[in-house]
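Following: one structure in structure tokens, then a few remarks.
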Amino acid sequence: MNTYIPEITLNDGVTLPAIGLGTYKLNGNAGAQAIDTAIDTGYRLIDTAYNYENEGTVGEAIRRSSVSRKDLIITSKLPGRYQTYDKAVNAIQESLYRGNLDYYDLYLIHWPNPKQDEYVEAWQALIDAKKWGLIRSIGVCNFLPEHLERLEKETGTKPSLNQIELHPFFNQEDQRIWHAEHDIKTQSWSPLARASEVLQNETLQGIADHHNKTISQIILRWHHQLGAIPIPKSSSPKRQLENISIFDFSLTDAEMGRIAELTREDGRINDQDPAVYEEF
């Protein structure tokens, strides 16, 4: 299936598709099958993490796929328990072994874990792993501006991308503006928020009806027009195709504004504030 997806260029020259597939809880044979189906549908950006315990599943889907490895963009993430330099280097290598891959296109520090205060060491490990050819582009997840500034100040290298919680109930406007001003791309995790709640939203339903699209398509198009890269997860072939089919229409400025009004101060799904949250 040939589905058109625009490309976005990172500050290091690496290009990413403008939408990807999240794989959290896609495990085992069923997970590999779902990911392989997504690749057949047109997905080229596949997002996993050490802590999802499915890097091997992603690797198996790649092995099964008729699409060449070089045409795929595979992301994984370093867990909080391995942020000291030596542990980080070993974990990156372990990630590659699990996925049976020679390199990751994108590797991210999963959370800053500021109480541990080891994320600069972890960042240095990612910088070196990139030099060794194990990673093509390096970035982070859930980093606040002060964390991002410190990385660049202490190592001279800034992330290409920051993957953050971003959805209509938590639109992260200030963080997105900061990213844009510092040439760091925004990627959105949980882009559809709590699906059960968001899919009942009357504002979104009205916009969806106007465009003859689903609410999910409206939300994912909203991410794209914000300049963010959403990574929705789905194991359903029908949903996978629906989620990727967002490049044949546009939202108006007024519609973008109406969606912006849905954001809430307490909009985080699990109250995971990167200033205090610790992930291991």
Side-chain angles (χ1 to χ4, degrees), residues 5-11 15-26 38 43-49 52 73-77 105-106 108-112 137 139-145 147-148 159-180 182-195 197-199 201 204 207 213-234 239-240 242-247 251 255-256 259-260 262-264 267-274 277 279:
I5 302 175
E7 288 195 329
I8 290 174
T9 303
L10 304 179
N11 60 28
T15 57
L16 301 186
I19 190 169
L21 180 78
T23 67
Y24 180 56
K25 293 191 173 172
L26 296 181
Y43 288 83
R44 294 295 178 265
L45 170 60
I46 311 295
D47 180 272
T48 180
Y52 297 172
I73 302 289
I74 311 299
T75 303
S76 196
K77 310 182 193 83
D105 298 276
L106 187 60
L108 315 174
I109 300 175
H110 210 152
W111 286 86
S137 186
V140 295
C141 305
N142 307 300
F143 274 49
L144 299 172
H147 306 138
L148 294 163
S160 62
L161 170 152
N162 188 14
Q163 186 185 117
I164 57 174
E165 179 177 356
L166 174 56
H167 46 75
F169 298 148
F170 195 66
N171 72 27
Q172 295 264 40
E173 183 177 11
D174 291 344
Q175 180 92 26
R176 286 188 289 104
I177 289 169
W178 195 95
H179 287 168
H182 293 82
D183 194 21
I184 295 171
K185 291 295 183 223
T186 301
Q187 195 170 48
S188 315
W189 63 261
S190 284
L192 300 173
R194 296 181 187 88
E197 183 184 356
V198 81
L199 296 179
N201 186 275
L204 294 169
I207 297 171
K213 295 286 183 180
T214 65
I215 286 179
S216 296
Q217 287 173 318
I218 295 303
I219 295 170
L220 294 170
R221 179 69 200 187
W222 170 78
H223 283 274
H224 179 61
Q225 288 184 215
L226 289 178
I229 304 166
I231 43 170
K233 183 197 85 173
S234 179
R239 285 261 163 69
Q240 288 174 350
E242 177 187 311
N243 287 346
I244 214 170
S245 302
I246 60 165
F247 301 107
L251 300 172
E255 288 167 338
M256 292 291 287
I259 298 172
L262 299 176
T263 198
R264 308 165 182 166
R268 292 187 191 277
I269 293 172
N270 292 316
D271 196 27
Q272 293 170 317
D273 180 354
Y277 180 74
E279 179 252 18

Check your understanding: With a 4.0 Å cut-off, would you call Glu197 and Arg264 a salt bridge?
Key -> yes

[X] (side chain) donor-acceptor with [Y] (main chain) under 3.5 angstrom:
X: Glu165; Y: Ile269; result: yes
X: Tyr43; Y: Gln240; result: yes
X: Thr23; Y: Leu26; result: no
X: His223; Y: Pro191; result: yes
X: Ser188; Y: Leu166; result: no
X: Asn11; Y: Pro159; result: yes
X: Asn270; Y: Gln272; result: no
X: Lys233; Y: Leu21; result: no

Exercise for review: Check the pair Arg176 / Leu226 against side chain to side chain contact (heavy atoms under 4.5 Å, CB included), numbers first and verdict last.
Suggested key: CA-CA 9 Å; Arg176 286 188 289 104; Leu226 289 178; 3.5 Å; yes

Using every non-hydrogen atom in the two residues, find where [X] and [Y] come nearest and quote the distance to one decimal.
X: Leu108; Y: Leu106; result: CD2-CG, 3.7 Å
X: Leu192; Y: Pro232; result: CD1-CB, 4.4 Å
X: Asn171; Y: Ala260; result: ND2-O, 3.4 Å

Practice item. Evaluate the side chain to side chain contact (heavy atoms under 4.5 Å, CB included) criterion for residues Ser216 and Arg239: first the C-alpha distance (whole Å), next the side-chain angles of each, then the deciding distance (0.1 Å), finally the verdict. Key: CA-CA 9 Å; Ser216 296; Arg239 285 261 163 69; 5.5 Å; no

Do [X] and [Y] make a side-chain contact, defined as non-hydrogen atoms from C-beta onward lying under 4.5 Å apart?
X: Asn243; Y: Ser234; answer: yes
X: Trp111; Y: Pro274; answer: yes
X: Ser160; Y: Lys185; answer: no

Practice item. Decide if atom CZ of Phe247 counts as having more than 12 heavy atoms of other residues, nucleotides or ligands within a radius under 6.0 Å. Key: yes

Check the side chains of [Y] and [X] for a donor-acceptor pair under 3.5 angstrom, ignoring hydrogens and angles.
X: Asp47; Y: Gln163; answer: yes
X: Asn142; Y: Trp189; answer: yes
X: Gln225; Y: Arg221; answer: yes

Exercise for review: Rounded to the nearest 0.5 Å, what's the gap from CD on Gln172 to CG on Asn162? Could you check?
Suggested key: 8.5 Å

Check your understanding: Atom CD1 of Ile164 and atom CZ of Arg268: how far apart are they, to the nearest 0.5 Å?
Key -> 8.5 Å

For [X], the option from [options] that meets side chain to side chain contact (heavy atoms under 4.5 Å, CB included):
X: Ile218; options: Val198, Ile246, Ile207; value: Ile207
X: Leu161; options: Leu16, Val140, Thr186; value: Leu16
X: Gln217; options: Thr214, Leu220, Ile215; value: Thr214

Check your understanding: Can you check side chain to side chain contact (heavy atoms under 4.5 Å, CB included) on Thr263 and Glu173, steps first, answer last?
Key -> CA-CA 9 Å; Thr263 198; Glu173 183 177 11; over 6 Å; no

**Study point:** Evaluation steps, side chain to side chain contact (heavy atoms under 4.5 Å, CB included), between Leu45 and Ile5
**Key:** CA-CA 11 Å; Leu45 170 60; Ile5 302 175; over 6 Å; no

Review point. Parallel under 30°, tilted from 30 to 60°, perpendicular over 60°: which one fits the rings of His167 and Phe170?
Key: tilted

